[in-house]
Amino acid sequence: MNRTLQSQENETCEKADNIKIGLEIHIPIKTKQKLFCDCKTNYHEISEPNVNVCPVCTGMPGIKPYPINSEGLSSAIMLAKLLNCKLNEKIFVKRKHYNYPDLPSGYQRTSEPIGVDGNLNNIGIWEVHIEEDPGKYDLNYKRVDYNRSGTVLAEIVTAPDMHSPEEARNFFKDLVNLAKYTNKIVETGGVMRADVNVSIEGGARVEIKNVNSIKGMVKALKYEILRQKNLKSVGGEAKMETRGYDENQMITVPLRTKETAADYRYIPDPDIPPVYLKEISETITLPETPRSRKERLISRYCIKDDYADILVRNKELADIFEEISSDKDKTTAEISSSWICREVLRQLNYRDIEWTDEKNKLNGKILSDLFVLLANNSITENTGKKILERVIDSGDLPGDIVEKENLMAESNDDVLKNIINDVLAKNQKAVDDYKAGNKSSVNFLVGQIMRSTRGKADNKKVMEILDGKLGN
Ligand SMILES: [Zn+2]
């Protein structure tokens, strides 16, 4: 952190009206044991406080910690490699001192940078290091819970290369998505946290602490940028400070003037031997990345480039796609990819939720059921969209709804011809208009046909029959 803080503070802003945003993202790493003791790490699954604790993670005086947890360390090295960082050869663990009830020893153990000078999507990565998570202090009940104390965090510090809340959101999403590809991170319970640094027009850098969702980060940034601009407009200036984000009021509030590295009185931890990274690094096999997965999806399932891109940038969607698609059935793979990327995402966005949100009732079984109905032309696209809109909230099986409500596509030629004859007879004016050259009146006729079939008419067949009857 030392290097990071100093280099950020020394930054000068050349461009006027310039917004600079940097992120410090904490990613919880999945390990069986805590970073410096053998306590369990499933704090996010249990409600009883202080059961996963021992003298090490509750900071008892004189107690000896274990050497650094190798599982957690290799996962952090893997992350650093995926972020194109240069690995350091040897690192020490340092003690970062501050006083808060969630930190019983009075210092947090945090490693020197594992990797430095990386990048992801043109955003610079200053460093990746590993540290122990503090416990949880509940201000309302004045209760402290050390189940989380000593669990493993990777911290990723970016350069202030982002220039808008939207850019920061896209980067955060891509970073979390990439981290998920390692399969080594804790994904339950909204556990990603970030500290956000923002400065405008060369003003002082303000840090917003402990933003705990991507949505929260965007709101906090929007508010903070506006606050700093307003300060400027009345001749004031943002001062260097640490603020907190108040989720309920959607504002940032002052916490304290920003600590400098000196305030933390960093010292090497004499209880932890130095760690040599090269040997561990050589044993790590890198996982498939979004980029390599994209190539694989395209060559294996023959899906469109754009769809493959959307899928791999939302790992859960790519997982679902692969769960329900077979490389031997290209039709269904095509329908699955386009429907997931267009219709499913549209419905999720409309509800302002992610695939992993518990409000989303879709799963592989439901989608596969729907896509088979579409692939077999058993239902029309129209019907499919209406069904999707319902099952995302209800979790019902599309096939059941189709059967119960008789929504099968009408593709019987004789039935369709009768309906179309009927519609044409009743709408002679539109037919005349069409024949007189007003081609758009065909839309009106198709609308009438769909209406009398409750949207179930097979669109292709309708167009074929209409063409034959109207002539061209
Ligand atoms: Zn412990």
Side-chain angles (χ1 to χ4, degrees), residues 1 24-79 91-114 128-139 141-156 179 182-193 195 210 212 264-277 280:
M1 280 301 285
E24 293 172 19
I25 297 171
H26 296 92
I27 299 188
I29 301 284
K30 206 160 48 181
T31 54
K32 287 186 202 71
Q33 300 174 343
K34 291 185 180 179
L35 196 51
F36 298 107
C37 62
D38 62 358
C39 288
K40 283 197 208 156
T41 53
N42 60 337
Y43 64 91
H44 41 85
E45 294 164 355
I46 54 176
S47 53
E48 198 182 339
N50 298 309
V51 288
N52 292 349
V53 293
C54 74
V56 173
C57 54
T58 51
M60 293 296 143
I63 200 75
K64 269 272 196 187
Y66 292 28
I68 196 162
N69 179 284
S70 57
E71 197 188 357
L73 185 64
S74 358
S75 302
I77 295 174
M78 185 186 277
L79 260 179
I91 56 168
F92 283 94
V93 171
K94 296 177 299 178
R95 294 178 174 181
K96 174 184 177 181
H97 295 83
Y98 66 90
N99 289 313
Y100 201 68
D102 64 3
L103 194 68
S105 57
Y107 58 82
Q108 181 186 24
R109 289 194 179 92
T110 169
S111 82
E112 291 181 318
I114 288 171
V128 176
H129 65 257
I130 192 169
E131 61 187 33
E132 50 182 2
D133 210 350
K136 273 185 185 161
Y137 179 53
D138 188 327
L139 264 170
Y141 294 97
K142 302 278 183 277
R143 193 186 74 173
V144 68
D145 171 13
Y146 293 121
N147 284 341
R148 196 179 71 183
S149 173
T151 56
V152 187
L153 286 182
E155 181 172 342
I156 292 152
T182 64
N183 242 328
K184 308 272 185 196
I185 70 169
V186 180
E187 293 185 32
T188 43
V191 281
M192 308 289 160
R193 279 162 285 157
D195 301 336
N210 282 329
N212 54 20
Y264 289 128
R265 294 171 292 127
Y266 281 99
I267 54 165
D269 191 314
D271 291 331
I272 313 289
V275 188
Y276 295 85
L277 301 179
I280 309 169

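First listed ligand is number 1; within each ligand, the first listed atom is number 1.
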Y137: partners by ring-ring contact (aromatic ring centres under 6.0 Å, His included), with sequence neighbours left out: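 By the ring-ring contact (aromatic ring centres under 6.0 Å, His included) rule, Y137 matches Y100.
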
For the residue pair K32 and E71, what are the closest heavy atoms and their distance?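 Minimum heavy-atom separation between K32 and E71: N-OE1, 3.0 Å.
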
So among P134, C57, P104, which one has a side-chain contact (heavy atoms from CB on, under 4.5 Å) with Y146? P104

Charged N-O contact under 4.0 Å between R95 and D269: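 Answer for the salt bridge query: yes.
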
Under 2.8 Å from the Zn ion (ligand 1), which protein N, O or S atoms are there? Could you list them by chain and number?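 As for protein N, O or S atoms lying under 2.8 Å from the Zn ion (ligand 1), they are C37 SG, C39 SG, C54 SG, C57 SG.
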
According to salt bridge (charged side-chain N to carboxylate O under 4.0 Å, His left out), who are the partners of R148, at least two apart in sequence or on a separate chain? D133

Go through the structure and list residues passing salt bridge (charged side-chain N to carboxylate O under 4.0 Å, His left out) with K142, not counting sequence neighbours.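 Residues passing salt bridge (charged side-chain N to carboxylate O under 4.0 Å, His left out) with K142: none at all.
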
